[in-house]
Amino acid sequence: MELKLKLNFILVTSNRRGGGIMAQISLNDIFSKYTSKKPIFKDKDTLSIRFTPENIPHRSEQINQLAHILAPVLRNEKPSNVFIYGKTGTGKTLIAKKVAANLEIVAEPNNLKIIYINCKMRKVTDTEYRLLAQLIEFFGEKVPYTGLPTSELYNRFFRLLDASRQNVVLVLDEIDSLVDKIGSLFLYNLTRINQDLEKTKITLVGISNNISFLENLDSRVKSSLSEEELIFPPYNATEIKDILTERSRIAFHPETITDAAIAKCAALAAQEHGDARKAIDLLRVAGETAERIGSNQVREEHVDIAQNKVDTDRYIETIHSQPKQSKIVLKAVLELYKKNAKGIQTGDVYDLYAKICQKNNIKSLTQRRVSDLITELDNFGIISTVNISKGRYGRTRKINVNLSGTVVSKIEEMFSKEL
DNA sequence: GTTAGTTCAGTTGAAAGCAATATTATCGGCTAC
DNA sequence: AGCCGATAATATTGCTTTCAACTGAACTAACGA
C-alpha cells in the first residue's frame, strides 16, 4: 500500500520538469531494498482471515463434537440443529467450514448440500427477501431482485428444497445480526420446514458470538435451534502461542521470527479474551514492520510497534467511518479534553458542538441526539462516560477520553482535513 | 442531627416527522402472432 | 395478447426531533430533641 502510494507520487512528479532524476533514485532505492534483503515472509496469505489451515490446534474436541452431531447426514438421517457460541477469534467459523468441507468430501455426491451464509454481509442479507433470494440461488435458480412477494419466495424455496431430495445443512454465521435485522420468524419457519417436507431434511447450524442472543429469542425457535450446543472457550496464552508457532512455520521463512516475538503476540492477544484472529493479525503486522524497518528478523520490539499500530488503526478506522455529526461531537469532546483533562460534561460538549456546527455552517442536532451520539462513542470505547449527579446542580455524564496522545493527534489531523 | 421535599441539568424511552431508498403497481409502447 | 422497461405510487429505513417522564445527590427548610 505504502509502496503503491509512493509510486504514484513518483509518477506524478516525474512528469514535471526536474523531478525526474530524484524520483529515479528513490524508486531504485525502494526496489533494491526490496530485492537485496532476504524476505521475511514465506507466504503472507496464510496470515489472512481467509486462510484455512490444515491443522487446528486445541480445537480437536469441538471438531469431533460437531462432526459427531452432523455425521447422521451421511446415513440420510437428520442431524440435530446446532448452536455454536464463542467469542470472536475462537475458531467457530473456521471449524464450521472445515467440518462442512470434510463432510462434503465424504458424502455421496448429490446427497448433501451445505450452504454457508454470513449474515453480517450487508446487501446480501438485509431483508428476509434477500436472504431467501440467496438461498434460492444456491439451488441454481434465479429470482428477480425485486418484484415478487416474499411469500412467493418461500414457496419457491420450499419447492426447490423438496425437489432437490438432498440433505441440506444451512450454516448461518453471525446469526444474531440476522435476527436483529429480520426477526426470528424466519428461523421459526426454517425449523418447521422439516415437518412439511417429505424428501428433504434441513439442518441449521447457527453461529454467534453473543451469548445473550439465545436468551431473548422466541422460546420455540430457541429450543429447536439449540438442540445441540457447542461452546468455544477463549484460547489462553499458551494455546495461542501454539497456534502462532504452527502458523509462523508456514508463513515465515525459518529463523526470521523469534520465539519471544511469538510469545509476546500471544500474551497480548490473550489479554483480550483470547482472540486468535487478533494474535495472527498482530503477527502479520509485526512481520510487516520488521520488513519495513529492514530487519531480517521479527523481534519483540516489532510486536510492540505492531500492537500500537493495530490499536491506532482500529480507532482511526472506527472514527473515520462515523457520520459527520458524530465526528463533530468527538471533536468538541477532544477540544474540551485538551483544555481540562477532567470533568468534561455533556452540557459543555453540546455548547461547543453547537458552536462548531455554526462556524462550519452545519445544521446542529438537538441535545437529545447528541446525548445518544455520546453514548455511541462510549460504546465504541473511544470515550468512557459515567453518570453522575451533582445534587443541586443537576445531573450529567462525566466524559473521559480513552485515547493515547498519538491517536488524538492523528484524529485531529483527520478532522482538520475533513471538517 | 434528621427527615422530607426541591431543584437542577441532563438522561432515557416512546412516538412521531422526514427525507432517502427500496419495493410494488401501473401504464404505454413494442413485438410477434 | 403478451412482454418489457419506465415511471408513478407506496412502503420501508435510518436518522432526527419532540415530548415527557425520570434521576439522584446537593441544598433547603422544617422537625424534633
Side-chain angles (χ1 to χ4, degrees), chain A residues 117 119-137 141-157 174 176-187 189 212 215-216 317-337 339-340 342-402 418-419:
Chain A
I117 290 186
C119 308
K120 242 211 180 124
M121 304 272 274
R122 285 198 150 230
K123 297 286 167 194
V124 180
T125 48
D126 259 0
T127 65
E128 204 171 355
Y129 185 95
R130 289 218 188 98
L131 184 63
L132 278 166
Q134 271 278 306
L135 288 174
I136 290 173
E137 233 169 79
E141 196 165 297
K142 280 271 175 198
V143 282
Y145 286 115
T146 146
L148 295 176
T150 314
S151 60
E152 169 63 17
L153 284 207
Y154 266 113
N155 285 337
R156 288 200 193 183
F157 181 54
E174 317 247 15
D176 40 336
S177 70
L178 175 75
V179 173
D180 268 2
K181 275 185 278 194
I182 66 181
S184 60
L185 189 72
F186 175 76
L187 288 178
N189 287 340
S212 58
E215 281 156 26
N216 37 36
E317 189 151 320
T318 31
I319 293 169
H320 185 73
S321 62
Q322 290 305 303
K324 193 163 64 184
Q325 296 287 3
S326 185
K327 283 179 188 165
I328 300 175
V329 172
L330 182 60
K331 187 182 159 97
V333 170
L334 288 182
E335 251 170 59
L336 288 172
Y337 177 68
K339 272 192 218 136
N340 56 331
K342 278 173 203 143
I344 307 173
Q345 298 178 21
T346 4
D348 301 343
V349 174
Y350 184 69
D351 288 348
L352 184 53
Y353 157 82
K355 235 181 256 167
I356 297 175
C357 280
Q358 206 181 16
K359 208 165 68 189
N360 293 325
N361 233 339
I362 297 167
K363 195 179 65 153
S364 65
L365 304 175
T366 43
Q367 187 272 333
R368 175 70 182 80
R369 183 85 254 270
V370 171
S371 181
D372 275 352
L373 290 180
I374 290 174
T375 315
E376 272 171 36
L377 289 175
D378 188 7
N379 289 339
F380 281 125
I382 295 166
I383 60 179
S384 57
T385 65
V386 199
N387 271 3
I388 52 163
S389 178
K390 294 183 300 160
R392 179 77 173 64
Y393 305 106
R395 198 174 143 73
T396 184
R397 262 187 301 193
K398 213 171 93 189
I399 300 171
N400 235 315
V401 178
N402 291 344
E418 289 181 25
L419 301 177

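Convention: sequence-line order gives letters A, B, ...; per-chain numbering from 1.
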Provide, to the nearest angstrom, the distance between the [atom1] atom belonging to [X] and the [atom2] atom belonging to [N].
X         : N       : atom1 : atom2 : result
Tyr350(A) : dT16(C) : OH    : P     : 12 Å
Leu373(A) : dG14(C) : CG    : P     : 16 Å
Gln345(A) : dC8(B)  : CD    : P     : 16 Å
Ile374(A) : dT12(B) : CD1   : P     : 11 Å
Ile328(A) : dT16(C) : CD1   : P     : 11 Å
Asp348(A) : dC8(B)  : CG    : P     : 18 Å
Arg369(A) : dG14(C) : CZ    : P     : 13 Å
Asp351(A) : dA9(B)  : CG    : P     : 12 Å

_CD/Gln358(A): more than 12 non-hydrogen atoms of other groups inside 6.0 Å_ =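 Incorrect, the count does not exceed 12.
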Quick check on [N]: is either OP1 or OP2 less than 4.0 Å from any side-chain nitrogen or oxygen of [X]?
X         : N       : value
Gln367(A) : dT11(B) : yes
Gln325(A) : dC15(C) : no
Arg397(A) : dT12(B) : yes

*Identify the residue among Val370(A), Leu365(A), Val329(A) that makes a side chain to side chain contact (heavy atoms under 4.5 Å, CB included) with Tyr350(A).*
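Of the listed residues Val370(A), Leu365(A), Val329(A), the side chain to side chain contact (heavy atoms under 4.5 Å, CB included) partner of Tyr350(A) is Val370(A).
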*For a side chain to side chain contact (heavy atoms under 4.5 Å, CB included) with Ile383(A), tell me which candidate from Val349(A), Asn400(A), Ile374(A), Asn402(A) qualifies.*
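Answer to the side chain to side chain contact (heavy atoms under 4.5 Å, CB included) test with Ile383(A) among Val349(A), Asn400(A), Ile374(A), Asn402(A): Ile374(A).
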_Tell me which residues in residues 380-395 of chain A lie within less than 4.0 Å of DNA chain C, going by non-hydrogen atoms._
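Residues of residues 380-395 of chain A under 4.0 Å from DNA chain C: Ser389(A), Lys390(A), Gly391(A), Arg392(A), Tyr393(A), Gly394(A), Arg395(A).
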*Can you find a pair of side-chain heavy atoms, one from Leu330(A) and one from Gln322(A), that are under 4.5 Å apart?*
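No, their side chains stay 4.5 Å or more apart.
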*Would you check if Arg368(A) and Asp372(A) make a side-chain contact, meaning some heavy-atom pair closer than 4.5 Å?*
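Heavy-atom side-chain distance check passes, below 4.5 Å.
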_Ignoring hydrogens and geometry beyond distance, is the side chain of Arg368(A) in donor-acceptor contact with the base of dG10(B) at under 3.5 Å?_
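Per atom types, no contact qualifies.
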*With Gln345(A), which of Arg395(A), Lys398(A), Lys390(A) fulfils side-chain hydrogen bond (donor to acceptor under 3.5 Å, both in side chains)?*
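Result: among Arg395(A), Lys398(A), Lys390(A), Lys390(A) is the only option passing the side-chain hydrogen bond (donor to acceptor under 3.5 Å, both in side chains) with Gln345(A).
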*How close do Tyr353(A) and Lys363(A) get, heavy atom to heavy atom, and via which atoms?*
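Nearest pair, atom of Tyr353(A) first, then Lys363(A): OH-O, 4.3 Å.
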_Using a 4.0 Å heavy-atom cut-off, does Ser364(A) contact any base of the nucleic acid, only the sugar-phosphate backbone, or nothing at all?_
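Counting heavy atoms under 4.0 Å across all strands, the contact made by Ser364(A) is with sugar-phosphate only.
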